[in-house]
Protein chains: 2
Amino acid sequence: MERRATIKDVAEAAGVGVATVSRVLSGGSASPRTRERVLAVAAQLDYRPSALGRNLRQRRTGGMGLLVPDLTDTFYGQLAEGVLACARSAGEPVVIGSTGDDPEQESELIGMLLEQSVDRLIAVPAGDAETWAPAARAGMTVVFADRLPAPAAGEEDPRAAAVGDLMLLDGLSPAARPRPPEAPSVLADDRAGIRTAVRYLRGLGHRRIAFLGGPGHDRRVAAFREAVGAPVDEELVVFATGSRDSAYAAASGLFQSRPDLSAVVAGGNVLGEAAVLAARELDLRVPRDVSLIMYDDVPWAELCSPPLTVIAQPGRDMGYRAAELVLRSGGRRARGVVLPTELIIRGSCGPHR
Amino acid sequence: MERRATIKDVAEAAGVGVATVSRVLSGGSASPRTRERVLAVAAQLDYRPSALGRNLRQRRTGGMGLLVPDLTDTFYGQLAEGVLACARSAGEPVVIGSTGDDPEQESELIGMLLEQSVDRLIAVPAGDAETWAPAARAGMTVVFADRLPAPAAGEEDPRAAAVGDLMLLDGLSPAARPRPPEAPSVLADDRAGIRTAVRYLRGLGHRRIAFLGGPGHDRRVAAFREAVGAPVDEELVVFATGSRDSAYAAASGLFQSRPDLSAVVAGGNVLGEAAVLAARELDLRVPRDVSLIMYDDVPWAELCSPPLTVIAQPGRDMGYRAAELVLRSGGRRARGVVLPTELIIRGSCGPHR
DNA sequence: GTGAAAGCGCTAACAG
DNA sequence: CTGTTAGCGCTTTCAC
């Protein structure tokens, strides 16, 4: 249990200078003979270059940070798995943090990452643009996943709400479209997903459709309003704060205050879970009494009875893509990516009656 | 977007030496006047000490590593949340890795952590004692959570299987019990949990009870065998490899090969999920045709219909405790901890018919 | 109480 | 091609 071998040990043992060792190990030039000897000695000494030394020297930590709202939410679990898969294949470490969808905790975590000199970050942002300013100021490369930070309070910026479209409309002339978000991002095509869901519901005859949203679902509500068209009944759009309790309360409240609604689209799997629970508690049968569509496909959606009809978004892929983006962001600011969603019809929606 | 202020900048701006700055910032002695000035300047410069510099100097990285099999498995999500909660309150970074329950990937991740000089690790081990030897040799402080590494191949070591008891039997004289595991650990009381479940099932009249296990469930099977007593029907004990597909195949195979079984206990939530799916596919009604008890309580267990009867283990607490252990392991090798499980009776078990 | 100086392990000039 | 050298930012003796 002695201290690990350092580059110096290897150099001495191999009878060469430390620079040579460094070169050999990082694929630099060296005569075949030296290279072989160094490699042999290194292996023999079980030498592993210390990331600490390298990072200090290069004034930056390798790897990346990952900030998600809650690992207990299966969707973020999938997202994280994607990120980790990519990081692993790149041999890069990932420093993770869970924000609880709280901007304050998020800020603290950003601070912590800064302290660690982690300068690449993938985040499902909880705070608004203001929360994220410090990260940008510090020169961090950040890729947002799943959603974008809301514009700073006071700034009338429709960008966040509109971006869902933009990225898909590659046909538009560059000048015709608003500037892209400042940070590259990997988002699901919420707008199309929600629109498809609402149309599907309308096709089944539903007219009083509610939206059950959570933190970060603003693009989804916006899409919902748009899809429903004209003056949407504001009582049918309710928000929870992120905790399961809050989600349940919101769902239950919705069902009780508006017994006339015939369908609800839940903005995320935690909300969907809450809706199922609340409906059951209130003796509402799905889909007989109320139809339900949930955003996010998660393994247990199929276990419900009836199995839940969902808007699937590729969580794992999103994570993987985000990691790729943040890793090879050397080539300047990458464009954002929007991944398609898919309406998976199972059994939780029925005709309006 | 200039480079961050260093300790040197602060020292100069405050007209003191770097050593003084260092002292002040780490609570060392300094005259009130100097201290104040340094603090002011530091704040003004938005100075954040670089963890890189400190770590290199101290030849160790702060924070901890966390290795779990799969973040898509809600139980590990809970565990991770616990770890992160503790780490956050300690201001420590967490480097995470997902092993996919594959010893090889686990080894690689351990190597990566070693390279990062992360010397504290919380792990749900995939590999056996041999896989973990390098970590120990390198002087890592590791706390195992949820399970222990199997004894190295060839070593006839009943410790892992027996430990479930040990820790609870504080009444035994120290000499009478086998030595404790080499690394501190945080485990659920699998033995009691399984025993309770089996007894419950027997009380309902079930005799042909099957066990559906996955990687790392050896303590649970052992407990199952013990609870069932005497020669257990080996065909009723089946194992999957960790993937959802494999779990489904195992469950489906089990149901088909042994239509006479009347109850199954699933060793983890992924297995439980598979069992529900397989049963439905084969038109087996739960609990009419087959009773089901699942290890792990997860939010969606309640959503199934009928809601699943489960053996709950405190995932979040386990993570939190593990993090505490690994953090304050300064005081030598901490004892392991065993947390209680609870049988939560919902609707997936019925009388044998 | 405070400053100067010596590195921690590594890479990147810069000479040979 | 290869060795020497100068730090990266910080903590920690060791003098003053």
Side-chain angles (χ1 to χ4, degrees), chain A residues 2-39 41-42 45-63 93 112-119 138-139, chain B residues 2-39 41-42 45-63 93 112-119 138-139:
Chain A
E2 344 56 34
R3 80 180 213 310
R4 277 167 49 193
T6 77
I7 197 175
K8 210 169 147 196
D9 300 327
V10 178
E12 280 172 10
V16 301
V18 292
T20 304
V21 177
S22 176
R23 278 192 214 97
V24 169
L25 266 48
S26 41
S29 63
S31 83
R33 275 200 57 233
T34 339
R35 139 168 282 105
E36 206 169 335
R37 192 143 38 89
V38 170
L39 253 23
V41 174
L45 257 47
D46 189 32
Y47 168 68
R48 318 184 58 96
S50 155
L52 249 38
R54 180 179 337 131
N55 293 341
L56 178 57
R57 177 61 223 252
Q58 302 178 162
R59 318 153 114 238
R60 55 173 295 267
T61 293
M112 188 262 277
L113 291 172
L114 245 28
E115 219 156 274
Q116 304 291 327
S117 304
V118 172
D119 58 359
Chain B
E2 343 55 32
R3 79 180 213 309
R4 276 167 48 194
T6 78
I7 197 176
K8 211 169 147 195
D9 300 326
V10 178
E12 279 172 9
V16 300
V18 292
T20 304
V21 177
S22 177
R23 278 193 214 98
V24 169
L25 266 47
S26 42
S29 64
S31 81
R33 276 199 59 232
T34 340
R35 139 166 284 105
E36 205 169 336
R37 192 143 37 91
V38 170
L39 254 23
V41 174
L45 257 47
D46 188 33
Y47 168 68
R48 316 183 62 94
S50 155
L52 250 39
R54 183 189 6 229
N55 292 341
L56 178 56
R57 178 60 221 256
Q58 300 176 161
R59 317 152 112 235
R60 55 172 296 268
T61 293
M112 189 261 277
L113 291 172
L114 244 30
E115 218 156 273
Q116 304 291 326
S117 304
V118 172
D119 59 359

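Remember, predicted model here, so these are calculated numbers, not experimental data. So you know, we letter chains A, B, ... as the sequences are listed, proteins then strands, and number each from 1.
What separates CZ of B/Arg59 from C1' of C/dA6 is a distance of 13 Å, to the nearest Å. Atom C1' of nucleotide C/dG7 and atom CD1 of A/Ile7 are separated by 16 Å, given to the nearest angstrom. In this structure, the CZ atom of A/Arg60 is 17 Å from the C1' atom of D/dG9, given to the nearest Å. In this structure, CG of B/Leu114 is placed 14 Å from P of C/dG9, rounded to the nearest angstrom. Straight-line distance from the CG atom of A/Leu25 to the P atom of C/dA12: 13 Å, rounded to whole Å. Between the C1' atom of D/dC8 and the NZ atom of B/Lys8 lies a distance of 11 Å, rounded to the nearest Å. If you take CZ of B/Arg54 and C1' of C/dG7, they are 17 Å apart, rounded to a whole angstrom. The distance between atom CG of A/Leu52 and atom P of C/dG7, rounded to the nearest whole Å, is 19 Å.
A heavy atom closer than 4.0 Å to some atom of DNA chain C occurs in no member of residues 30-39 of chain A. Contacts between residues 13-21 of chain A and DNA chain C, counted as heavy-atom distances below 4.0 Å, involve A/Ala19.
How far CG of B/Leu45 is from CD1 of B/Ile7: 12.5 Å, rounded to the nearest 0.5 Å. In this structure, B/Arg54 CZ and B/Arg60 CZ are separated by 10.0 Å, a value rounded to the nearest 0.5 Å. One finds the CG atom of A/Asp46 at 8.5 Å from the CZ atom of A/Arg4 (value rounded to the nearest 0.5 Å). For the atom pair CG of A/Leu114 and CG of A/Asp119, the computed distance is 9.5 Å after rounding to the nearest 0.5 Å.
Nearest heavy-atom pair across B/Gly17 and B/Ala11 is C-CB, 3.8 Å.
The salt bridge (Lys or Arg N to Asp or Glu O under 4.0 Å) search around B/Arg48 returns A/Glu115, not counting sequence neighbours. Applying the salt bridge (Lys or Arg N to Asp or Glu O under 4.0 Å) test to B/Arg59 and every residue at least two apart in sequence or in another chain returns nothing.
Among pairs with a residue in residues 19-32 of chain A, those fulfilling side-chain hydrogen bond (donor to acceptor under 3.5 Å, both in side chains) read A/Ser31-A/Thr34, at least two apart in sequence or across chains. Sorted by first and then second residue, the salt bridge (Lys or Arg N to Asp or Glu O under 4.0 Å) pairs involving residues 25-38 of chain A (not counting sequence neighbours) form an empty list.
When each of B/Ser50 and B/Arg23 is assigned the nucleotide of DNA chain D bearing its nearest heavy atom, the one mapping closer to the 5' terminus is B/Ser50.
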